[in-house]
Structure formats: structure tokens, C-alpha cells
Amino acid sequence: MKASISFTELKSLLEEKAQQSISFSSIDSKTVRVTYPLNLGFIKKDVSANLTFIELTGSDLLVSVDAGFGTDKLLTTVLSLLKNKIPDGLIEKRPESRLMLHLGQIEQVKTVFDNISVDDLRVLTDGLEVEGTLKQA
């Protein structure tokens, strides 16, 4: 079984839940580019990072982040700015510019993981695709 979400839908969901405009684009089958408008008052700039899917365990997704020089500092800054806009425990900073995304913290995504045993997560040209099997009742 396959299910997908377009980058447009994902962007709308994040705008609704986190009040942030975050854009997505495809790099390859395991890497998505995320663009976040950084506004520090005196600095307004779009910041982009490539997120590469490393491992999916249950509803936890380990990603590697590459935003060029200073990636780790950028992650700390962005996570600090998003702190009050995302659910507690959704994003866990790991060493080596990695993040653990606890996707089960998002109600709509939790429903998927409650009903489907996910085998793979792929980046498509216009969104994300999950492949898995229905769990037995």
C-alpha cells in the first residue's frame, strides 16, 4: 500500500499548525530541501537545508541536515525560533547535524502510523510517499 502527501499539502499543514511558511522541494529519493523564512528583525533571509532520510523506526524518523557551513548553529537557531510553535518532543537534536523527528506527535501522522506498518519513505518530485502494509486489527 502506498500513500502520499504533496509538498503543497504539507506546507499548508505546517502553516496551520506552526504558523510558519516552510517550503519543500525534491533533491532525490531520500532528500528534500526545506526553505524557512528567517526573520530576526534586522535580518530577513530565506534559509534552506537539505534533509536526508537516514532511518525510519516506527514513527521516528532520523534525518541528516545539510545547510552548508554552520549547519549545527543554524539548527540550534531555527529550533529555538520554532520552540513555541511546534509540539514538545516533536524534534530532538542529535549529534553530527542530525535530527530525530518524532512524527507520532502530529495527530494526522500518528493516525497513519497507528494503522500502517511503514516500510519506506520516499521523496517524489512533488511530495512524499509512504509505503507500508495495513496492521492487523
Side-chain angles (χ1 to χ4, degrees):
M1 151 180 224
K2 293 181 183 179
S4 63
I5 183 169
S6 71
F7 289 141
T8 303
E9 290 174 286
L10 188 55
K11 179 179 177 161
S12 294
L13 179 64
L14 287 171
E15 284 177 348
E16 176 187 329
K17 296 295 183 186
Q19 289 79 49
Q20 291 296 315
S21 178
I22 299 174
S23 300
F24 303 90
S25 59
S26 171
I27 300 298
D28 61 37
S29 67
K30 291 293 180 191
T31 307
V32 63
R33 173 164 287 160
V34 178
T35 303
Y36 174 79
L38 186 61
N39 184 351
L40 299 174
F42 58 93
I43 296 175
K44 292 181 181 180
K45 178 181 177 179
D46 283 348
V47 177
S48 293
N50 293 341
L51 303 181
T52 301
F53 304 150
I54 304 295
E55 181 180 22
L56 180 64
T57 306
S59 63
D60 295 334
L61 177 62
L62 181 64
V63 298
S64 174
V65 181
D66 179 10
F69 182 74
T71 296
D72 202 52
K73 181 112 174 130
L74 175 66
L75 282 176
T76 300
T77 302
V78 170
L79 290 175
S80 174
L81 292 170
L82 291 175
K83 187 175 183 176
N84 296 324
K85 298 180 180 185
I86 59 174
D88 286 338
L90 177 62
I91 301 174
E92 179 185 337
K93 191 168 180 269
R94 296 281 179 95
E96 300 177 12
S97 300
R98 292 185 175 190
L99 297 174
M100 180 64 77
L101 306 178
H102 299 287
L103 302 175
Q105 297 289 326
I106 304 168
E107 193 58 40
Q108 294 90 334
V109 178
K110 181 182 181 315
T111 301
V112 172
F113 283 102
D114 285 347
N115 295 295
I116 297 173
S117 180
V118 177
D119 301 317
D120 196 16
L121 174 62
R122 285 186 288 279
V123 180
L124 306 174
T125 56
D126 61 347
L128 302 175
E129 179 180 76
V130 175
E131 186 173 338
T133 54
L134 286 174
K135 292 181 178 178
Q136 298 293 326

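In what follows, residues are counted from 1 in the order of the sequence shown.
Taking the salt bridge (Lys or Arg N to Asp or Glu O under 4.0 Å) definition, one finds that Asp46 meets it with nothing, sequence neighbours left out. Residues meeting the side-chain hydrogen bond (donor to acceptor under 3.5 Å, both in side chains) test with Thr35, sequence neighbours left out: Ser48. In terms of the side-chain hydrogen bond (donor to acceptor under 3.5 Å, both in side chains) criterion, residue partners of Ser6 (sequence neighbours excluded) are, by chain and number, Glu9.
Residue Lys2 holds its NZ atom at 13.0 Å from CD1 of Ile116, rounded to the nearest 0.5 Å. Atom OG1 of residue Thr133 and atom CE of residue Met1 lie 9.5 Å apart, to the nearest 0.5 angstrom.
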Would you tabulate the side-chain donor-acceptor contacts of residues 52-69 under 3.5 Å, counting partners in other chains and residues two or more places apart, or write 'none'?
| residue | atom | partner | partner atom | Å |
| --- | --- | --- | --- | --- |
| Thr52 | OG1 | Thr31 | OG1 | 3.0 |
| Asp60 | OD1 | His102 | ND1 | 2.8 |
| Asp66 | OD1 | Gly68 | N | 2.9 |

Enumerate donor-acceptor pairs with a distance under 3.5 Å from any side-chain N or O in residues 118-125 to protein atoms, sequence neighbours excluded.
| residue | atom | partner | partner atom | Å |
| --- | --- | --- | --- | --- |
| Asp120 | OD1 | Lys30 | NZ | 2.6 |
| Asp120 | OD2 | Arg122 | NH1 | 2.5 |
| Arg122 | NE | Glu129 | OE1 | 3.2 |
| Arg122 | NH1 | Glu131 | OE1 | 3.3 |
| Arg122 | NH2 | Glu129 | OE1 | 2.8 |
| Arg122 | NH2 | Glu131 | OE1 | 2.6 |

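Using a 4.5 Å heavy-atom cutoff, the side chains of Lys11 and Ser23 are in contact.
Tracing side-chain contacts under 4.5 Å through hydrophobic residues (I, L, V, M, F, W, Y), one reaches Ile106 starting from Val112; they form part of the same cluster. Under the 4.5 Å side-chain heavy-atom criterion for Ile, Leu, Val, Met, Phe, Trp and Tyr, Val34 and Ile5 are members of the same hydrophobic cluster.
For the pair Ser21 and Glu15, the tightest heavy-atom approach, listed with the atom from each and the gap, is OG-OE2, 3.3 Å.
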Note to self: Set out, in order, the CA-CA distance, both residues' side-chain angles and the distance that settles side chain to side chain contact (heavy atoms under 4.5 Å, CB included) for Leu101 and Leu99, then state yes or no.
What the structure shows: CA-CA 6 Å; Leu101 306 178; Leu99 297 174; 4.3 Å; yes
- [ ] Starting from the C-alpha separation in whole Å, work towards a yes-or-no answer on side chain to side chain contact (heavy atoms under 4.5 Å, CB included) for Leu128 and Leu10.
- [x] CA-CA 9 Å; Leu128 302 175; Leu10 188 55; 4.0 Å; yes
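Legend: salt bridge (Lys or Arg N to Asp or Glu O under 4.0 Å) pairs involving residues 90-104, not counting sequence neighbours, sorted by first then second residue: Asp72-Lys93, Glu92-Arg94.
A donor-acceptor pair under 3.5 Å is formed between the side chain of Lys135 and the backbone N or O of Phe113.
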